[in-house]
Amino acid sequence: MAGKPKLYYFDGRGKMESIRWLLAAAGVEFEEEFLETREQYEKLLQGGSLLFQQVPMVEMDGMKMVQTRAILSYIAAKYNLYGKDLKERALIDMYVGGTDDLMGFILMFPFLSAEDKEKQRAVIVQKATSRYFPAYEKVLKDHGHDFLVGNSFSWADVHLLEAILMVEEKKSDVLSGFPQLQAFKARISSIPTVKKFLEPGSQRKPVPDDKYVETVRRVLRMYYDIKAN
Amino acid sequence: MSGKPRLTYCNGRGRMEPVRWLLAAAGVEFEENFLETREQYEKLIKDGVLMFQQVPLVEIDGMKMVQTRAILSYIAGKYNLYGKDLKERALIDMYVEGITDLMQMILMFPFSPPEAKEKNLDSIKERATKRYFPVFEKVLKQHGQDFLVGNKFSWADVQLIEAILAVEENIPVVLLEFPQLQAFKTRMSNMPTIKKFLQPGSPRKPPPDERYVETVLKIFKK
């Protein structure tokens with residue numbers, strides 16, 4: 001056993017990307033096994049590796065972990081990115097819940113029809129600029145610290161940066177009304193582990209394309225239409 | 001201020017029900033503030049108490065907590081229902097997340113259009129009996145203990161009993177092929193705090209009806 005966490009997912013962002021971000025931010029090297037065929041997926045199922053028949057799955061510390069939130073919480077706690085006490089953890093969980101909801105609007109985007117994509121782009125930008133970004137802008141403004149919680153780098157910071165960059169891919173000037181977030185983005189991006197992850201050649205995955213969508217549909221036999229929410 | 005947690009939500013299950021279950025199971029008394037009108041909701045937003053303009057909202061220990069998962073994790077952590085170490089917490093999180101995926105289907109069910117209801121019910125039955133219940137049946141069978149994780153009552157047990165009862169309300173025979181879960185259901189239902197919560201007059205909310213659906217749509221429609 002290598003000792004490094006091993007990630008089982010498609011060769012693309014999806015629900016695994018937040019895990020890649022967090023491991024990378026924590027400076028933890030990891031391996032990846034990419035699902036390309038239905039047979040690979042069925043083999044994992046038959047082997048009993050997927051507790052609820054789903055990926056993401058991360059092998060780490062002797063566990064075959066599933067459920068993205070469970071995996072992220074475990075990594076955050078293990079690498080001291082989860083605050084110093086229960087109340088800080090509560091704040092981090094709240095903030096991560098928000099960025100998770102925001103990224104949820106983007107998660108299904110590649111699977112939408114061209115027409116729905118345009119509508120969804122507008123929804124993403126509207127939610128980001130009227131609901132989520134103002135909340136984090138206020139948090140940073142109110143305490144004036146570099147990081148969201150407890151004046152210390154945490155999972156919440158990693159998740160927010162990931163969300164910001166994803167929304168910017170949909171509208172490049174989306175941070176224009178948010179000076180705190182602009183400064184936050186610059187600060188967190190320059191943390192050495194994060195900076196490294198943002199460079200070409202890292203395990204960060206690109207914006208999902210048609211090939212990614214095809215692979216997911218093929219492996220999961222997910223041929224029905226996805227509707228925007 | 002009474003010191004008791006204060007829950008703000010509609011007078012119905014929705015996303016707040018797991019919070020009511022967990023507080024009750026932990027033996028913690030709480031107050032409730034029911035949203036009945038859009039004006040009440042808009043006032044909450046204007047007052048800045050809803051971080052993402054959403055409920056559930058739970059005021060607890062000086063915090064105005066939103067995001068159901070965050071609220072539940074805090075309660076579980078505070079009342080020692082979250083395992084004894086990181087690995088037990090990971091197991092509890094995995095189990096809770098799986099059950100939550102099933103509960104999400106039940107949550108949305110009352111809001112499905114009439115023509116989709118039968119299909120959705122079939123999906124719930126399929127997921128419950130093929131994906132989720134078999135997992136917990138196996139967990140209980142393999143370790144032979146009373147509780148899902150670490151031989152100790154935890155958030156995972158509360159979430160599972162809630163889910164079992166919610167599915168049974170829609171599909172009464174759903175536990176037919178799950179003897180471990182049947183025994184689990186009996187055991188959990190007899191735990192004093194849970195038993196009390198299952199009695200009439202407790203804060204437990206009834207199954208969602210048309211009036212509940214109407215209220216939710218009236219308050220939150222975009």
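Below, chain A is the first sequence line, B the second, and so on; all start at residue 1.
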Q: Output the residues of residues 135-155 of chain A for which the shortest heavy-atom distance to chain B is under 4.5 Å, in residue-number order; output 'none' if no such residue exists.
A: A:Ala135, A:Tyr136, A:Val139
Q. Any residues in residues 63-81 of chain A near chain B, with a heavy-atom distance under 4.5 Å, and which are they?
A. A:Met63, A:Lys64, A:Met65, A:Val66, A:Gln67, A:Arg69, A:Ala70, A:Ser73, A:Tyr74, A:Ala77, A:Lys78
May I ask you to name which of [options] has the most heavy-atom pairs under 4.5 Å with chain A?
| options | value |
| --- | --- |
| B:Val96, B:Leu86, B:Asp61 | B:Leu86 |
| B:Arg127, B:Lys130, B:Lys87 | B:Lys87 |
| B:Gln54, B:Lys138, B:Lys78 | B:Gln54 |

Q. Should A:Tyr8 and A:Glu32 be marked as a side chain to side chain donor-acceptor pair (under 3.5 Å) after you check the CA-CA gap, both sets of side-chain angles, and the distance that decides it?
A. CA-CA 6 Å; A:Tyr8 293 76; A:Glu32 300 198 71; over 6 Å; no
Q.
What part of B:Arg131 gets within 4.5 angstrom of chain A, counting heavy atoms only: side chain, backbone, both, or neither?
A. both
Q: Please flag which part of B:Met63 lies under 4.5 Å from any non-hydrogen atom of chain A: side chain, backbone, both or neither.
A: side chain
Q.
For A:Arg131, which atoms come within 4.5 Å of any heavy atom of chain B: side chain, backbone, both, or neither?
A. both
Q | Heavy-atom proximity to chain B below 4.5 Å, by part of A:Asp100 | A | neither
Q) Heavy-atom distance under 4.5 Å between the side chains of A:His159 and A:Met103, does that happen here? A) yes
Q. Just checking, any donor-acceptor pair under 3.5 angstrom between side chains of A:Thr99 and A:Glu162?
A. no
Q.
Whether the A:Tyr82 and A:Asp93 side chains hold a donor-acceptor pair (N or O, under 3.5 Å, no angle test) is what I'd like checked.
A. yes
Q) Is the A:Tyr132 to B:Phe52 ring centre distance short of 6.0 Å? A) yes
Q: Anything under 30° is parallel, anything over 60° is perpendicular, the rest tilted; go ahead and classify A:Phe52 against B:Phe136.
A: tilted
Q) Judged by atom type as modelled, is there a donor-acceptor pair below 3.5 Å linking the side chain of B:Glu137 to the main-chain atoms of B:Tyr132? A) no
Q. Does B:Gln182 use its side chain to pair, donor to acceptor, with the backbone of B:Leu175 at less than 3.5 Å?
A. yes
Q. Do the charged groups of A:Glu169 and A:Arg13 touch, with an N to O distance under 4.0 Å?
A. yes
